Each structure stands twice: as C-alpha cells, then as structure tokens.
Amino acid sequence: MPPTVTLSASEQVEMILSRAERAVPEEELAERLDRSLRDEIPLRVKLGIDPSSPDLHLGHAVPLRVLRLFQQLGHIAVLIIGDFTGMVGDPSGASKTRPALTREKVRENARTYVRQARRILLADRLEVRRNSEWLGRLGSGGLLDLARRTTVARILERDDFAKRFAGGSPISVVEFLYPLLQAYDSVAVRADVELGGTDQLFNLLVGRDLQRDWGQEPQLCLMFGLLEGLDGVQKMSKSLGNYVGIAEAPEEMFGKLMSVPDSLTGKYLRLATDLGPSEVAEIERTATPGGPAAAAAKRRLAREVVSLYWGTAKAARAERHFDAAHVLHEVPRGVPEAPVPPEATDAGRVFLPRLMTDLGLAPSGAEARRLIEQGGVRLDGVALTELRVDLAVVKGRVLQVGRRRFVKLR
RNA sequence: GGGAGGGUACCGAAGCGGCCAAACGGGCGUGACUGUAAAUCACGUGGCCCUGCCUUCAGAGGUUCGAAUCCUCUCCCUCCCA
C-alpha cells in the first residue's frame, strides 16, 4: 500500500513532533518510522476514545488529525472505542469518581463519535475496534492476572490519586483498574504507537509495561497538549461553551475562529491545521500581536480550518459572509421576514418593546427599552430613538437589533 | 449519632431592621474605536405601554409602622467529631 504523502523520514518526524507536547521515548520515533519504511511494515497507531461526550470539537481533533497524518504516511490507524472502559470511568485528572455510563449511552455516543471521526480519518488503513471485544471476555481470572501487574504504591504516585487519597475523598477500586484495562488494549491490538492527551501519560506508560509483560515491543507514546478554548484560558470543552465543533456550519466556524485570542493563533495553526511547522513559525514571526499581520494570520487560520472540514469553496463563502456581516456591517441576505403583530400596534403606531419581544429579538420589554436607549436598534441602518413609530414607517424595512439580529417586517 | 457554618440576581460574593431591585467581580448585552464576534474604554444587566407600579434574597409561618436582615418550623448544602 503506497503512502499518499511522500516525505523524508526526518520531515515526517518533524511534522509529528511539532504537534506533540511530549514523546516517550522521544528519540525512538525516527527509528520506528525508518524501520517501518525499510521493512515495509506499517505501524499500528492506537487512539483510544472515551465515549462520554458525543460531539467532537477542535480539541478532540488534535490527536485525530495526527492519526490521519500517520495514515497518509502509510500507517494503520486503530481507533479504539472505550465501550468497556467507559463503563468504568477514567480517573485521570478527576477530583472525584466519574459517573459510569450506561451501556446504551456508551453505544449511542460511540456511534456519533465514530461518524464524526470519519470526517477526519481516511477510510483506508482504518480499524475501528471496541474494547469490550477483549475486555468483556477477560473473566475474573484474566482480571486478576492484570491486577497483579502493578502495585498500589505505583498507582498512588499519580498526582490525581495522591491528592484524592490525601484529601480523604473516595477512590473506587474500579478506578485503580482503569489504567490497566486501557493499557491492555495496547496489548490486544499490538500497538506500535499510542496517541493521547498529556493527561494520559500514566495510562499510556502502563501500556508499555504490559506490552513488555506480554512479550511485545513497548509502544511509543505521543502526547498532545490541551487546546485552549475561545476564551483563551480554559481548555476547550462543550460544557464551557468555548468550543468550535467540527460539524458546525462553515460561517459559524469561521466567525468563532476569528474570535480566538491573538496569543493563541500560533497554537491553533499548529494543532488544528495541516500547515507545516516552518510555515507556522514564519506566520508567528511576522504576526506581531495587535498589528494587521495578526489579523491576517487569524484569517489564514479560519480559512485553513474551515477548508479542512468543508472544502475551500465553502470556506471562501464563509469568509465573504464574515466580511459582509462583521467588517462592512451589511444587512445579511436571507433575513427572516415577519409580519408586525397586531398586539404591538395601537392606532397606527407600533410599540417597539412589544414588537421586539413578540418577534424574539429581545427577551423582555425592559431589555428592549435598554437596547433602544443605547442606540442598539436600527431600522434600515438608522438608529431608532423613540419607543413608538408609525406602522407605515416600519413596514417593508429591516429591523436590526444589536449587531446580529435582523428581521424584515411585513 | 454529636457539634459548627451556610443557602442572596446567570455565576462567585457583599449586605445583617428603613437610604435595597440589593455593593463588588466575572459572565453577558449595547455603543465608541478597530484588524474580527480580538484588545481597550463607556454604559447597561428582575419584570411591567416605565417620571410610577409589581414580584424577588432556599420554603412556610411570625415579630414590627417597616424584614434579605430578628424569631419559629421545614427542606437542602459544607465542614469538624464519633
């Protein structure tokens, strides 16, 4: 099977390591790639996914994109759905026991997850496995055998466990087993490389130990930093609302990416696009924060990312849409139309707060009044200052509330 | 089982008889500016056809001319001891 990308081994190493925060052992990557090339045996690259949240965002996409990169280099992606471990709950970084998921929920999440992951991964050289396949038939004997492989002291070395233990918060025995179970996946699929977040360091290393015990060559561990969300501070997560979903509409994606803080543009370029390390470095060098080059860099970022998921044509359209709406402040096309509700009119006069609440442009009349006072309500671009306007004046024109809510009145 | 401390607006957190629709911070919204939904600055942020009125400070009662603030009971949370 020929690789779809031809790069020298050192270029490959650079591509991969520029995205990874850490590799253990670091020097081994080049050697493995070399050997694979020479012996024409593709590497088996494992990525375990936790089916606790179904919607993928750019943060999840980081290891998935590297997995794709391996595929492009001719290697095999082994995507493992943690349908068994998901019912145990990963204790990594957690300050309390995670709720175990039900079987149905896990199955459902896994389905949407894989569907979205396929938007990133190549269909060729892809294995999707569920770890219940082997963990489910481990039996108590097999489980005991696994449990024998490590010690309580080693597990307690981990910061998260140590803190919880010291703080007297409960640690379930089953959580102790999690690292072993997920590490056993590496044995089961004979992984050469495993990808994961930096918080997975311990778990990935346990994989190496177990593989050694089972007479396999220990896997190479590649760990990726967490991508901060749009607020620039906290990690990207759905619950914090600071995420860019990989299935989001192009316009939405473009707009969200343009609001990434300047300081993070480089990191986003490196982790969320296909640009090579030297190109990113060049952009970072020229884009002094606050200057026009920083704006250009972010535009590049938005264009690149949207193109990855939607193609260049849609990305270009998203960019035009963005410029129209946010740079030129044009009234967008396809503004929804609505009739003026009779309840909002009295003797030929329209009472704007009522109109706005009825059309869902403001949550309350008080809020609507505030918006009008602050000059945030416009009719065909002209700010309104009165609470009441003649019905005849309003008809057939576009009412704009704030910067992005529009309704054409009939 | 015993003891201590709490529950205030979207969130965090002041207030501890009247000047309280309730400080302050975050978030959010609008405006100015610009390079964008960035940064900065300003203003706003319970409801109501609003110079005023109505409903809020876990819930229910009570004291008082007047309660987020005092009393009683109920529910919920946190911590300490067993």
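Chain naming here is simple, since letters A, B, ... match the order of the sequence lines and numbering starts at 1 in each. Keep in mind it's a predicted model, so treat the numbers as computed, not measured.
For B:rC54 and B:rU63, the P atoms lie 23 Å apart once the distance is rounded to whole Å. Taking the C1' atoms as reference points, B:rU78 lies 23 Å from B:rG25, given to the whole Å. When the C1' atom is used for both B:rU8 and B:rC24, the distance is 14 Å, rounded to whole Å. Comparing B:rC43 with B:rG62, their C1' atoms are spaced 43 Å from each other, to the whole Å. B:rA42 and B:rC10 have their P atoms separated by 26 Å, given to the nearest Å. Across B:rG15 and B:rC20, the matching P atoms stand 15 Å from one another, rounded to whole Å. Only the P atoms considered, B:rG7 is 15 Å distant from B:rA68, to the nearest whole Å. Nucleotides B:rG47 and B:rA37 have their C1' atoms positioned 29 Å apart, rounded to a whole Å.
Base-pair partner of B:rC20: not found among the strands shown (Watson-Crick or G-U wobble, both distances under 3.5 Å). The nucleotide B:rC28 finds its pairing partner in B:rG44, both defining distances of the Watson-Crick or G-U wobble pair being shorter than 3.5 Å. When both pairing distances are held under 3.5 Å, B:rA58 makes a Watson-Crick or G-U pair with B:rU74. Base pairing of B:rA67: no nucleotide in any strand meets the Watson-Crick or G-U wobble criterion (both distances under 3.5 Å). Checking B:rC33 for Watson-Crick or G-U wobble geometry (two distances, each under 3.5 Å) identifies no partner in any strand. The partner of B:rC79 is B:rG3, judged by Watson-Crick or G-U wobble contacts that both fall below 3.5 Å.
Judged by closest nucleotide on RNA chain B, A:Asp323 is the one of A:Asp323 and A:Ala366 placed further toward the 5' end. The 5' end of RNA chain B is approached more closely, in terms of each residue's nearest nucleotide, by A:Phe322 than by the other of A:Phe322 and A:Gly365.
In this structure the side chain of A:Leu138 reaches within 4.5 angstrom of the side chain of A:Tyr184, judged on heavy atoms.
Using a distance-only test at 3.5 Å, with no hydrogens or angles considered, no donor-acceptor pair links the side chain of A:Arg44 to the main chain of A:Asp192.
Note: CZ (A:Phe406) to C1' (B:rA37) measures 13 Å, nearest angstrom. Rounding to whole angstrom units, CG of residue A:Asp262 and P of B:rA37 are separated by 13 Å. Taking atom CG on A:Leu352 and atom P on B:rC50, their separation rounds to 15 Å, with Å as the unit. For the pair A:Leu301 CG and B:rA38 P, the computed distance is 16 Å after rounding to whole Å. Atom pair A:Glu228:CD and B:rA38:P shows a separation of 18 Å (rounding to whole Å applied). In this structure, CD1 of A:Ile372 is placed 14 Å from P of B:rC50, rounded to the nearest angstrom. Rounded to whole Å, atom P of B:rC48 lies 14 Å from atom CG of A:Leu355.
Ring orientation note: the planes of A:His60 and A:Tyr113 are nearly perpendicular, at an angle over 60° on the 30°/60° scale. Ring geometry, A:Phe70 versus A:His75: the interplanar angle exceeds 60°, so the pair is classed perpendicular (tilted spans 30 to 60°).
Salt bridge status for A:Arg270 with A:Glu284: present, with a side-chain N to carboxylate O gap under 4.0 Å. Salt bridge status for A:Asp346 with A:Arg349: absent, with no side-chain N to carboxylate O gap under 4.0 Å.
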**OP:** Summarise how protein sits on nucleotides 21-30 of chain B as a single string, 5' to 3': B when a protein heavy atom is under 4.0 Å from the base, S for sugar-phosphate-only contact, - for no contact.
**Re:** --------BS
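Residue contacts shown for A:Arg369 include a base, since a base heavy atom lies under 4.0 Å away. Residue A:Lys256 is out of contact with every strand shown, counting any heavy-atom pair closer than 4.0 Å.
In terms of phosphate contacts, A:Ser364 brings no side-chain nitrogen or oxygen within less than 4.0 Å of OP1 or OP2 of B:rG46.
With a 6.0 Å cutoff to the six-membered ring centre and a 45° limit on the axis angle, A:Arg107 does not count as a cation-pi contact of A:Phe84. Taking the ring axis of A:Tyr268 as reference, the NZ or CZ atom of A:Lys298 does not stay both within 45° of it and closer than 6.0 Å to the ring centre.
Applying side-chain contact (heavy atoms from CB on, under 4.5 Å) to A:Leu73 and the options A:Leu43, A:Val45, A:Leu37, A:Ile16 leaves one that passes, A:Ile16.
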